[in-house]
Amino acid sequence: ACTANMYDQVTWLTDYIGMPIHERRNHKWSSERAERLARLLSLPYEAIACRAYIAEGGEYQFLEHKITRSQFEWNCPKYCPQCLADRGYHSAVFGLVAIQVCPLHAVNLVTTCQVCFEKLSYGGDSLFCCRRCHADIRLFACEAVSTAELPGTAAIAAKAGFQGRH
């Protein structure tokens with residue numbers, strides 16, 4: 001994605017607004033940083049705030065909901081290869097601990113590279129590739145789940161803002 005847009009790193013926006021790497025790695029957005037990004041992108045603050053994890057005391061604002069740190073998977077992202085392949089789409093909702101299945105494609109979310117077998121991590125050059133071996137996540141095999149597992153996941157995902165379509 002960054003290559004297609006002629007940026008050398010996907011972190012160029014956070015670098016531009018002066019977000020230190022330790023804040024980026026800990027997913028700690030302040031209201032001030034969200035305001036700077038909104039100004040940079042000529043968007044209302046609310047458009048950024050509802051998509052960022054803004055730290056407020058011991059809670060985070062997540063898609064207009066308050067969550068505690070234990071409700072979100074901070075270290076290992078979860079991806080739906082089909083969402084990435086269909087439209088380059090990744091939902092922040094997948095980061096919720098309670099979400100293990102893509103409610104749109106009815107497949108388990110992927111947390112491990114199917115080439116190097118390492119846990120996927122944030123901070124690589126591309127949303128689509130393993131940070132370590134650069135394997136394309138969009139090509140990973142998907143494990144289907146039974147429809148009996150979907151209602152709970154779909155309800156949580158919808159409450160958190162997942163649209164169920166791209």
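Side-chain atoms are counted along with the backbone in the values below, which use heavy atoms only and exclude waters and symmetry mates. Model, not experiment: these values are computed from the prediction.
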Pair F140-C113, side chain to side chain contact (heavy atoms under 4.5 Å, CB included): steps then yes or no: CA-CA 8 Å; F140 287 5; C113 177; 3.8 Å; yes
Worked verdict on T111 versus K119 for side chain to side chain contact (heavy atoms under 4.5 Å, CB included): CA-CA 6 Å; T111 59; K119 286 276 189 192; 3.8 Å; yes
Residues E118, C133; criterion side chain to side chain contact (heavy atoms under 4.5 Å, CB included); working and verdict: CA-CA 9 Å; E118 295 289 330; C133 73; over 6 Å; no
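- One finds the CD1 atom of I137 at 12.5 Å from the SG atom of C83 (value rounded to the nearest 0.5 Å).
- In the hydrophobic clustering of this structure, F128 does not group with L139; members are Ile, Leu, Val, Met, Phe, Trp, Tyr whose side-chain heavy atoms approach within less than 4.5 Å, directly or through other members.
- Looking only at side-chain heavy atoms (C-beta outward), H105 and P81 stay at 4.5 Å or farther from each other.
- One distance of note links SG of C80 with CG of D86; it measures 7.5 Å at 0.5 Å rounding.
- The nearest pair of heavy atoms linking V107 to Q82 is CG1-OE1, 3.3 Å.
- Few gaps surround CD on E35; more than 12 heavy atoms of other groups in view lie less than 6.0 Å from it.
- Pairing each heavy atom of T112 with each of V110, the nearest pair is O-CG1, 3.3 Å.
- Residues A106 and L150 share a closest heavy-atom pair of CB-CD1, 3.5 Å.
- Looking at heavy atoms from C-beta onward, C102 lies in side-chain contact with F94 at the 4.5 angstrom threshold.
- V101 is not connected to I156 by any chain of hydrophobic side-chain contacts under 4.5 Å among Ile, Leu, Val, Met, Phe, Trp and Tyr, and they are in different clusters.
- Once rounded to the nearest 0.5 Å, the distance linking SG of C142 with OH of Y79 reads 14.5 Å.
- Note that the CG atom of L104 and the OG1 atom of T153 stand 13.0 Å from one another [nearest 0.5 Å].
- For the residue pair P151 and A148, the shortest heavy atom distance occurs at CD-O, 3.4 Å.
- Residue L109 holds its CG atom at 11.5 Å from CD of E73, rounded to the nearest 0.5 Å.
- Of the possible polar contacts, one joining the Q100 side chain to the V97 backbone as a donor-acceptor pair under 3.5 Å is found.
- Within the model, atoms CG of L120 and CD of Q114 stand 9.0 Å from one another, a figure rounded to the nearest 0.5 Å.
- If you chain together hydrophobic residues whose side chains sit under 4.5 Å apart, L96 and V145 never meet in one group.
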